[in-house]
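Okay, so here's the structure we're looking at.
Computation of the quantities below employed the complete heavy-atom set of this structure, encompassing side-chain atoms and omitting hydrogens, waters and symmetry-equivalent molecules.
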Amino acid sequence: MKFLPVIYDSEIVSDDVLKTEFKAAHEIGKVALGDNYFFYREKFKIRYIAYSNIYRIFRRVQLVNMKMCCSRGQLQIQNIVLCSKKNVELAMVDLPDEKSALALIEEMQQKIPEVKIGMKK
């Protein structure tokens, strides 16, 4: 496993600390929530963000038009978006379904009580 920070100018964390925290983290889809870091899988790498760098979290639903045999419809893709204090999107991670997206937001709110939930108006 290769750990890569999302914010490169943040503090450098040793791989041993990241590995132990990742193994103890609670996983929801591609996301793993550790004690101090938010992890998510991106191809063959694992990206991480310190909770102190996350200011806002919201759910983004993308609708994809699809056609199946004799009918048409829309497929909903659930994403969690993490933003910094300067309202810059740090990461957008796709999740399997709406239930896991809402559970992740609720758990993040418990881990980071000062985080803002929802898009900026």
Side-chain angles (χ1 to χ4, degrees):
M1 285 186 284
K2 185 171 185 178
F3 291 97
L4 293 172
V6 173
I7 304 172
Y8 285 101
D9 59 347
S10 62
E11 64 183 54
I12 297 172
V13 183
S14 70
D15 282 346
D16 294 333
V17 172
L18 293 171
K19 282 180 185 178
T20 55
E21 187 159 341
F22 183 73
K23 286 181 182 177
H26 176 248
E27 290 193 38
I28 301 173
K30 292 181 178 180
V31 174
L33 299 175
D35 293 332
N36 301 311
Y37 296 97
F38 178 94
F39 298 97
Y40 67 95
R41 296 180 190 273
E42 188 177 80
K43 297 183 182 175
F44 299 109
K45 302 169 219 151
I46 297 174
R47 297 269 192 176
Y48 66 93
I49 305 170
Y51 290 144
S52 59
N53 293 328
I54 300 172
Y55 179 71
R56 182 176 304 280
I57 301 170
F58 63 92
R59 184 171 64 110
R60 178 179 288 159
V61 180
Q62 295 175 317
L63 299 174
V64 178
N65 293 326
M66 58 183 231
K67 183 178 177 183
M68 293 183 66
C69 66
C70 57
S71 66
R72 294 175 185 242
Q74 289 185 329
L75 177 68
Q76 290 185 356
I77 299 175
Q78 302 286 329
N79 296 298
I80 289 294
V81 180
L82 307 173
C83 297
S84 68
K85 288 185 180 179
K86 296 178 182 174
N87 210 23
V88 174
E89 287 187 14
L90 299 173
M92 184 173 80
V93 184
D94 60 322
L95 293 167
D97 56 5
E98 182 180 0
K99 183 180 174 185
S100 60
L102 295 173
L104 179 65
I105 289 175
E106 187 177 316
E107 195 167 332
M108 288 289 289
Q109 196 170 21
Q110 291 173 359
K111 288 200 178 278
I112 319 168
E114 66 273 1
V115 73
K116 308 285 186 207
I117 305 294
M119 282 182 47
K120 185 178 179 182
K121 297 187 183 191

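Under the side-chain contact (heavy atoms from CB on, under 4.5 Å) criterion, K86 pairs with S84, V88, sequence neighbours left out. The side-chain contact (heavy atoms from CB on, under 4.5 Å) check on S71 picks up nothing, with sequence neighbours excluded. Under the side-chain contact (heavy atoms from CB on, under 4.5 Å) criterion, D35 pairs with E21, K111, not counting sequence neighbours. For E42, the side chain to side chain donor-acceptor pair (under 3.5 Å) partners are R47, not counting sequence neighbours. Residues forming a side chain to side chain donor-acceptor pair (under 3.5 Å) with Q74 (at least two apart in sequence, or on another chain): N65.
For the residue pair D97 and Q78, the shortest heavy atom distance occurs at C-CG, 3.6 Å. The minimum heavy-atom distance between V17 and T20, with the atom names listed, is O-OG1, 2.9 Å. Annotation for V115 and Q109: closest pair CG1-CA, 4.2 Å, computed over non-hydrogen atoms. In terms of heavy-atom proximity, A91 sits nearest to I49 at CB-CD1, 4.2 Å.
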Inset, instruction - Begin from the C-alpha positions of L63 and Q76 and carry the test side-chain contact (heavy atoms from CB on, under 4.5 Å) through to its verdict. - result: CA-CA 5 Å; L63 299 174; Q76 290 185 356; 3.4 Å; yes

Inset, instruction - Decide yes or no on side-chain contact (heavy atoms from CB on, under 4.5 Å) for I46 and Y40, but give the supporting numbers first. - result: CA-CA 6 Å; I46 297 174; Y40 67 95; over 6 Å; no

Inset, instruction - Kindly determine whether E107 and H26 satisfy side-chain contact (heavy atoms from CB on, under 4.5 Å), including the steps that lead there. - result: CA-CA 10 Å; E107 195 167 332; H26 176 248; 3.1 Å; yes

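Screening L75, I77, D94 for a side chain to side chain contact (heavy atoms under 4.5 Å, CB included) involving Q62 leaves a single residue, I77.
To the nearest 0.5 Å, atoms CG (D15) and NZ (K2) are separated by 9.5 Å. Here CD1 of I7 is found 13.5 Å from CG of L4. Values are rounded to the nearest 0.5 Å. Rounded to the nearest 0.5 Å, atoms CD (E106) and CD1 (I28) are 9.5 Å apart.
Each of V31 and F3 belongs to its own hydrophobic cluster when Ile, Leu, Val, Met, Phe, Trp and Tyr are linked at side-chain heavy-atom distances under 4.5 angstrom. Linking Ile, Leu, Val, Met, Phe, Trp and Tyr residues whenever their side-chain heavy atoms come within less than 4.5 Å places I112 and I80 in a single cluster. Taking hydrophobic clusters as Ile, Leu, Val, Met, Phe, Trp and Tyr residues chained together by side-chain heavy-atom distances below 4.5 Å, L95 does not share a cluster with L102. M92 and I57 are members of different hydrophobic clusters when ILVMFWY side chains are connected at heavy-atom separations under 4.5 Å. Both V93 and I54 belong to a single network of hydrophobic side chains, linked directly or stepwise wherever heavy atoms of I, L, V, M, F, W or Y lie under 4.5 Å apart.
At a threshold of 4.5 Å between non-hydrogen side-chain atoms, the residues F38 and L33 count as touching.
Screening residues 44-70 for ring-ring contact (aromatic ring centres under 6.0 Å, His included) gives Y37-Y48 as the qualifying pairs, with residues at least two apart or on separate chains.
Checking side-chain atoms of R56 against main-chain N and O of K85 turns up no donor-acceptor pair under 3.5 Å.
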